[in-house]
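These notes concern the structure reproduced below.
Hydrogens, waters and symmetry mates play no part in the numbers below; they use all other heavy atoms, side chains included.
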Amino acid sequence: MSDIKPLLQAMWENYLALNPDARRIHDLFAELNDGVVVNDHIALRTFALEPVRLEAIARPFLEAGYLPGEDYEFKAKKLRARHFYHPDDTLPKVFISELKVDELSERAQGIIKGLAEQIDPAALAQDSFSYSGRHWSLDYGSYQELLQESEYAAWMAALGYRPNHFTVSINHLKSHETLQSVNDTLQQAGFVLNSSGGLIKGTPEIGLEQSSTMANKAEVEFSDQTAEIPTCFYEFALRHPVADGQLYQGFVAASADKIFESTNVK
Ligand code: NI
């Protein structure tokens with residue numbers, strides 16, 4: 001069985017490079033917790049198109065002993081997702097979503113299929129695919145067209161394959177017991193949180209409370225110009241015991257639906 005840790009570390013470094021806020025936030029919590037900040041999950045995005053369906057993105061994780069968890073549907077955003085977890089519960093869960101491209105307009109489908117066709121299958125066979133960025137040329141006009149239909153489509157087209165977010169496990173923090181106190185620390189330090197559906201998504205009763213920063217912005221190169229667009233964000237998760245007395249280990253679709261909006265342009 002392959003060791004997943006080098007891949008997780010490479011993904012983390014790739015993520016920090018695009019998201020300087022995440023480094024500052026990680027350091028802030030590390031300082032208060034003897035240097036230890038545990039990651040609850042990593043989120044990855046893809047298109048529901050062969051050969052890059054979410055099952056293909058999951059391959060290196062499955063090869064390292066990860067197991068498929070629950071499936072999730074996000075009708076309005078035209079997404080499907082699945083989470084994967086490792087029997088070694090010190091390893092983060094991996095939440096992979098895919099955009100149901102065939103539910104978009106003919107025009108958007110045409111743009112996205114044109115992008116996916118440019119992916120070299122040899123690149124997909126590498127474990128590094130999950131942080132390999134964009135495999136296609138994209139003009140700014142096409143980005144704008146996708147943006148009008150789907151924030152997710154535009155994000156994927158502009159940024160390609162890379163972690164969309166990492167997630168601080170509040171259960172493993174000594175410094176904070178509640179999500180409210182984490183949010184207060186973040187806001188006092190000047191970070192902007194996603195307020196869609198309220199700052200706190202979920203409740204103790206359903207087993208999971210989550211919040212997130214709004215994504216950092218970065219200059220991204222298109223084939224005809226550069227533009228500043230939202231990149232990646234940091235999430236905070238507090239898991240609660242459910243009926244069997246164990247901490248809930250799944251995800252809550254209604255909350256994830258709002259977390260997706262952390263990369264919205266407006
Ligand atoms: Ni998440």
Side-chain angles (χ1 to χ4, degrees), residues 7 10-23 42-60 74 77-81 96-166 213-234 260-266:
L7 175 58
M11 290 167 73
W12 171 243
E13 283 160 16
N14 174 275
Y15 164 77
L16 290 180
L18 257 193
N19 187 4
D21 275 0
R23 167 66 78 190
I42 301 167
L44 301 173
R45 294 178 170 187
T46 189
F47 297 122
L49 281 181
E50 294 302 339
V52 288
R53 298 289 309 255
L54 79 78
E55 288 77 8
I57 305 303
R59 180 193 51 79
F74 305 91
K77 291 189 172 66
K78 303 181 169 71
L79 303 174
R80 172 195 158 227
I96 309 177
S97 57
E98 63 178 13
L99 177 65
K100 294 187 273 184
V101 176
D102 60 3
E103 294 183 12
L104 300 179
S105 70
E106 290 291 327
R107 174 69 192 153
Q109 286 190 44
I111 294 172
I112 294 168
K113 286 175 182 165
L115 305 179
E117 278 167 8
Q118 296 173 56
I119 299 171
D120 176 357
L124 183 60
Q126 302 290 317
D127 290 356
S128 57
F129 189 76
S130 56
Y131 63 97
S132 58
R134 215 163 77 191
H135 292 256
W136 44 74
S137 163
L138 175 72
D139 64 273
Y140 189 62
S142 297
Y143 169 78
Q144 288 291 339
E145 274 192 70
L146 292 176
L147 190 57
Q148 286 172 20
E149 261 187 67
S150 162
E151 292 268 359
Y152 186 110
W155 188 95
M156 266 307 295
L159 294 167
Y161 291 90
R162 56 182 68 254
N164 171 262
H165 61 270
F166 279 69
T213 60
M214 286 303 285
N216 270 133
K217 289 191 171 179
E219 286 282 331
V220 168
E221 274 189 47
F222 295 90
S223 56
D224 49 351
Q225 66 171 93
T226 63
E228 193 175 68
I229 66 162
T231 57
C232 307
F233 60 90
Y234 215 174
F260 279 119
E261 296 174 14
S262 306
T263 53
N264 279 11
V265 169
K266 292 177 205 82

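The distance from the CG atom of N216 to the OG1 atom of T231 is 5.0 Å, given to the nearest 0.5 Å. Here CD of E13 is found 8.0 Å from CZ of R23. Values are rounded to the nearest 0.5 Å. For the atom pair CG of N264 and CG of L147, the computed distance is 8.5 Å after rounding to the nearest 0.5 Å. The CD1 atom of I229 sits 8.5 Å away from the OH atom of Y140 when rounded to the nearest 0.5 Å. Taking CE of M156 as the reference point, atom CG of N164 lies at 10.0 Å (rounded to 0.5 Å). Considering CD1 of I57 and CG of L44, their distance stands at 7.5 Å, rounded to 0.5 Å.
For the residue pair S130 and R59, no side-chain donor N or O sits within less than 3.5 Å of a side-chain acceptor on the partner. The closest side-chain donor-acceptor pair between Q126 and S132, if any, does not fall under 3.5 angstrom. For the residue pair S97/Y152, the side-chain donor-acceptor check at 3.5 Å is satisfied. A donor-acceptor contact closer than 3.5 angstrom links the side chains of E219 and T226.
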Taking it one step at a time, do R45 and E98 satisfy side-chain contact (heavy atoms from CB on, under 4.5 Å)? CA-CA 6 Å; R45 294 178 170 187; E98 63 178 13; over 6 Å; no
Check the pair Y161, Y131 against side-chain contact (heavy atoms from CB on, under 4.5 Å), reporting the backbone distance first and the verdict last. CA-CA 5 Å; Y161 291 90; Y131 63 97; over 6 Å; no
Should T46 and R53 be marked as a side-chain contact (heavy atoms from CB on, under 4.5 Å) after you check the CA-CA gap, both sets of side-chain angles, and the distance that decides it? CA-CA 7 Å; T46 189; R53 298 289 309 255; over 6 Å; no
How far apart are the C-alpha atoms of I42 and W12, what are their side-chain angles, what is the distance that settles it, and do they pass the side-chain contact (heavy atoms from CB on, under 4.5 Å) test? CA-CA 9 Å; I42 301 167; W12 171 243; over 6 Å; no
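Between K78 and E103 no salt bridge is recorded (no basic side-chain N to carboxylate O distance below 4.0 Å). Taking a cutoff of 4.0 Å between a charged side-chain nitrogen and a carboxylate oxygen, E151 and K77 do not qualify as a salt bridge.
By the neighbour-count criterion of 12 heavy atoms within 6.0 Å, atom CD of E55 is densely surrounded, having more than that number from other residues, nucleotides or ligands.
Taking all atoms of both residues into account, the shortest heavy-atom contact from L159 to L18 is CD2-CD1, 4.1 Å. The two atoms that bring A227 and F222 nearest to each other are CB-CE1, 3.9 Å, heavy atoms only. Taking both residues in full, the closest heavy atoms of Y143 and P230 are given as OH-CD, 4.3 Å, listed atom of the first, atom of the second, then distance. A pairwise comparison of heavy atoms in A157 and L138 identifies O-CD2, 3.3 Å as the closest pair. When all heavy atoms of I111 and L146 are compared, the pair lying nearest together is CG2-CD1, 3.9 Å. The minimum heavy-atom distance linking V101 with Q109 is given by the pair O-CG, 3.2 Å.
Judged purely by atom type and a 3.5 angstrom limit, E228 has no side-chain atom pairing as donor or acceptor with the backbone of V220.
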Name the atoms and distances for all side-chain donor-acceptor pairs under 3.5 Å in residues 114-125, with sequence neighbours left out.
residue : atom : partner : partner atom : Å
Q118    : OE1  : S137    : N            : 3.0
Q118    : NE2  : G114    : O            : 3.0
D120    : OD1  : A122    : N            : 2.9

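Between F233 and H165, the ring planes are parallel. Angles under 30° get that label, and only those over 60° would be called perpendicular. Ring geometry for Y15 against F166 counts as tilted: the plane angle lies between 30° and 60°, on a 0 to 90° scale. Between W136 and F47, the angle of the ring planes lies from 30° to 60°, which puts this pair in the tilted group.
Looking at I112 and L99, their side chains come closer than 4.5 Å, going by heavy atoms from C-beta outward. Two residues are said to be in side-chain contact when any heavy atoms from C-beta on lie closer than 4.5 Å; L79 and K100 fail this criterion.
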